[in-house]
Amino acid sequence: MASAGSDPAAQAAFLARNAAEALPAGGLEDRLREARDQGRPLRVKLGLDPTAPDIHLGHTVVLQKLREFQDLGHRVVLIVGDYTARVGDPSGRSDTRPVLSAEEIEANAHTYERQAHRVLDADPERYELRFNGEWLDMPMEQLFRLARTTTVAQLLDREDFARRYAQGTPISILELLYPLMQGYDSVAVRADVELGGTDQTFNLLLGRDIQRHHGQPEQSVLTMPILPGIDGAEKMSKTKGNQIGITEAPEEMFGKTMRLPDEAMAVWFELLAIPAPAPDVAARDRKRELARAIITRFHGAEAAAAAQAGFDRVFVAHEVPEEIEEAQVAAQDGTVHVPAALAEAFGISRSEGRRLVAQGGVKVGGEVLGPDDLDLAAARLDGAVVQLGRRRFRRLRVPG
RNA sequence: GGAGGGAUGUCCGAGUGGUUAAAGGAGACGGGCUGUAAACCCGUUGGCUCUGCCUACGCAGGUUCGAAUCCUGCUCCCUCCA
């Protein structure tokens with residue numbers, strides 16, 4: 001990884017190299033210099049919305065940036081928005097968010113923290129975890145003070161609110177309050193810097209206003225671009241099903257990365273802070289390197305090499321994988337009805353199983369089944385590897 | 001408070017009494033070619049005890065030999081007026 005040296009200007013440039021925006025101009029450098037002169041680490045804040053239970057690569061873009069701050073000796077303050085989650089961040093939403101129960105929030109926050117540690121340094125000197133319920137459960141008087149800092153016009157200026165207002169979609173007062181609460185988090189933890197995705201720009205900047213109103217120096221804001229999902233187009237998100245979760249198996253990570261459209265590769269290298277190979281390396285090999293680097297980060301180099309070997313085995317050499325999940329299927333009078341067996345083993349419907357057989361999408365022990373192979377001898381299937389399409393495998397067990 | 005428009009399969013969207021499991025498109029899946037990329041070609045795309053049966057066009061009833069299509073009530077959404 002590139003080194004930033006100890007010069008504040010160089011550090012700021014390093015930290016901002018793959019960021020979307022660093023606001024205000026020169027702000028980050030000033031904060032870095034200040035910290036060096038005072039001999040203290042910066043307090044770098046990131047707010048987590050505990051609505052999403054699992055962290056995926058998209059989240060790690062920001063986490064990775066936090067890690068860079070840590071590696072430069074600064075202190076990360078992770079804020080679990082247990083209280084704000086009861087409101088729901090309206091950013092990028094066209095309608096009101098569903099409200100989570102306290103139990104869900106608790107469970108999500110826990111998962112989140114555990115997974116965040118795969119990227120962050122958990123050294124207590126460099127890491128601090130807070131729940132914003134700690135200070136947001138505030139007296140009315142304090143809320144009044146907070147509410148005075150911002151005008152409705154300011155809030156309605158924000159694109160998503162503006163759009164909803166124009167469309168006549170309801171905006172609750174609670175939602176208007178959300179950015180204020182997030183801003184107050186910065187006051188509560190005395191943030192020097194706050195990170196977030198570009199969709200957070202408004203909230204992050206509002207935090208500056210709120211800090212100023214509370215007599216604090218204003219935080220510097222660093223926003224990271226949004227990582228596209230494995231479809232290469234839309235924002236990575238679990239709901240869109242285009243995510244790579246950081247706890248996913250290495251083979252899954254490899255396969256999914258290889259599915260990434262070529263055009264999206266450059267963005268991934270940049271945002272994930274993975275050194276890109278020379279441009280004259282073949283696209284195929286650049287992508288393999290990307291996949292290996294991602295797996296190395298979360299599972300280690302050995303797992304990465306194994307994942308690639310497994311991938312080559314199945315998709316390049318067209319052999320069956322080394323480890324195959326087993327599935328038990330029922331036989332009747334020594335005969336197995338294939339559509340039913342496929343339905344059981346792969347969790348598809350029988351009709352779909354029948355269709356796949358008819359289309360030549362099912363192999364048993366490497367041999368393609370024909371349209372008439374709807375019933376097979378149990379002996380032939382027991383212990384045999386069944387392949388559905390190109391990448392679904394099961395080893396069947398047929399109890400006698 | 002008043003007037004009007006709409007709700008169809010994963011999504012978009014045709015269809016206004018009779019092969020309509022429902023046109024077309026998107027997506028997804030399978031096959032071919034590949035690098036599980038792109039592009040391109042072919043096919044499939046509700047379920048099942050599968051030459052048949054069941055379920056399905058917002059919900060509940062009704063008319064009819066027969067309804068997504070007609071009638072009644074209900075729910076939800078949208079537009080305009082106040």
Task: Whole-Å gap separating C1' (B:A28) and CD1 (A:I230) - done: 14 Å

TODO: Answer yes if A:L23 and A:L15 sit in the same cluster of Ile, Leu, Val, Met, Phe, Trp and Tyr residues linked by side chain heavy atoms under 4.5 Å apart, and no otherwise.
DONE: no

Open item on the list: I'd like to know if A:R212 and A:D209 make a salt bridge, using a cut-off of under 4.0 Å between side-chain N and carboxylate O.
Closed with: yes

Task: Interatomic distance, A:E344 CD vs B:C48 P [rounded to whole Å] - done: 12 Å

Task: Pairwise P distance for B:C65 and B:C42, with rounding to whole Å - done: 47 Å

TODO: Rounded to the nearest angstrom, tell me the gap between atom CG in A:D372 and atom P in B:U51.
DONE: 14 Å

Task: Counterpart base for B:G9, defined by Watson-Crick or G-U wobble contacts under 3.5 Å - done: none

Task: P gap between B:C76 and B:A22, integer Å - done: 34 Å

Open item on the list: Can you identify which nucleotide, out of B:G30, B:C48, B:U36, has its nearest atom closest to the A:S349 side chain?
Closed with: B:C48

- [ ] Could you let me know what B:U20 is paired to, Watson-Crick or G-U wobble, both distances under 3.5 Å, or none if it's on its own?
- [x] none

Task: base_contact_polar (B:G31 base, A:Q359 side chain, donor-acceptor, <3.5 Å) - done: no

Task: P gap between B:U10 and B:G5, integer Å - done: 29 Å

Open item on the list: Under a 3.5 Å cut-off for both contacts, is B:C48 paired Watson-Crick or G-U wobble with anything, and if yes, with which nucleotide?
Closed with: B:G52

- [ ] Sort out the partner of B:G4 for me: Watson-Crick or G-U wobble, both distances under 3.5 Å, none otherwise.
- [x] B:C78

Open item on the list: Between B:G18 and B:A82, how many Å separate the two P atoms, rounded to a whole number?
Closed with: 43 Å

TODO: Find which nucleotide of RNA chain B each of A:K287 and A:G361 is nearest to by heavy atoms, and output the residue with the more 5' nucleotide.
DONE: A:G361

TODO: Write down the distance separating the P atoms in B:C40 and B:G25, rounded off to the nearest Å.
DONE: 14 Å

- [ ] For A:I244 and B:U36, give me the distance from atom CD1 to atom C1', rounded to whole Å.
- [x] 12 Å

Open item on the list: Applying the Watson-Crick and G-U wobble criteria at under 3.5 Å, what pairs with B:C29? Answer none if nothing qualifies.
Closed with: B:G43

Task: Ion pair A:E326/A:R394, N-O distance below 4.0 Å - done: no

TODO: Return yes if the base of B:U34 and the side-chain atoms of A:R390 contain a donor-acceptor N/O pair under 3.5 Å, otherwise no.
DONE: yes

TODO: Kindly say if A:R284 contacts the phosphate of B:U34, meaning a side-chain N or O under 4.0 Å from OP1 or OP2.
DONE: no

Open item on the list: For a quick check of understanding: with a heavy-atom distance under 4.0 Å over all strands, which category does A:K256 fall into, base, sugar-phosphate or nothing?
Closed with: nothing

Task: Below 4.0 Å: OP1/OP2 of B:G30 and any side-chain N or O of A:R392 - done: yes

Open item on the list: Could you check whether A:K235 pairs with A:D199 (Lys NZ or Arg NE/NH1/NH2 to Asp/Glu carboxylate O, under 4.0 Å)?
Closed with: yes

Task: Base-pairing mate for B:G61 - Watson-Crick or G-U, with both contacts under 3.5 Å - done: B:C71

- [ ] Looking at every strand, decide which applies to A:G255 at a 4.0 Å heavy-atom threshold: base, sugar-phosphate, or nothing.
- [x] base

- [ ] Mind calculating the distance between CG (A:L388) and P (B:U44) to the nearest angstrom?
- [x] 18 Å

Open item on the list: Which heavy atom of A:L57 sits nearest to which heavy atom of A:L272, and what is that distance?
Closed with: O-CD2, 4.0 Å

Open item on the list: Rounding to an integer number of Å, can you tell me how far A:E252 CD sits from B:U36 P?
Closed with: 15 Å

Open item on the list: Rounded to whole Å, how long is the line connecting atom CZ of A:R391 with atom C1' of B:A37?
Closed with: 13 Å

Open item on the list: I'd like to know if A:R33 and A:E29 make a salt bridge, using a cut-off of under 4.0 Å between side-chain N and carboxylate O.
Closed with: yes

Task: Rounded distance in Å between the P positions of B:U72 and B:C81 - done: 29 Å

- [ ] Look at all strands and tell whether A:F311 reaches a base, only sugar-phosphate, or nothing, counting heavy atoms closer than 4.0 Å.
- [x] base

Task: Base of B:G35 paired with side chain of A:D285 (donor-acceptor, under 3.5 Å) - done: no

Open item on the list: Between A:R130 and A:E134, does any NZ, NE, NH1 or NH2 come within less than 4.0 Å of an OD or OE carboxylate oxygen?
Closed with: yes

TODO: Can you tell me, in whole Å, how much space there is between the P of B:C11 and that of B:G58?
DONE: 13 Å

Task: Carboxylate-amine/guanidinium contact A:R17 A:E68, below 4.0 Å - done: yes

Task: Most 5' of A:I348 and A:F315 on RNA chain B, judged by nearest nucleotide - done: A:F315

- [ ] Would you kindly give the CD-to-C1' distance between A:Q387 and B:G31, to the nearest whole Å?
- [x] 12 Å

Task: Inter-nucleotide P distance (B:A21, B:G52), Å rounded - done: 13 Å

Open item on the list: B:G47, OP1 or OP2 - any side-chain N/O from A:R355 closer than 4.0 Å?
Closed with: yes

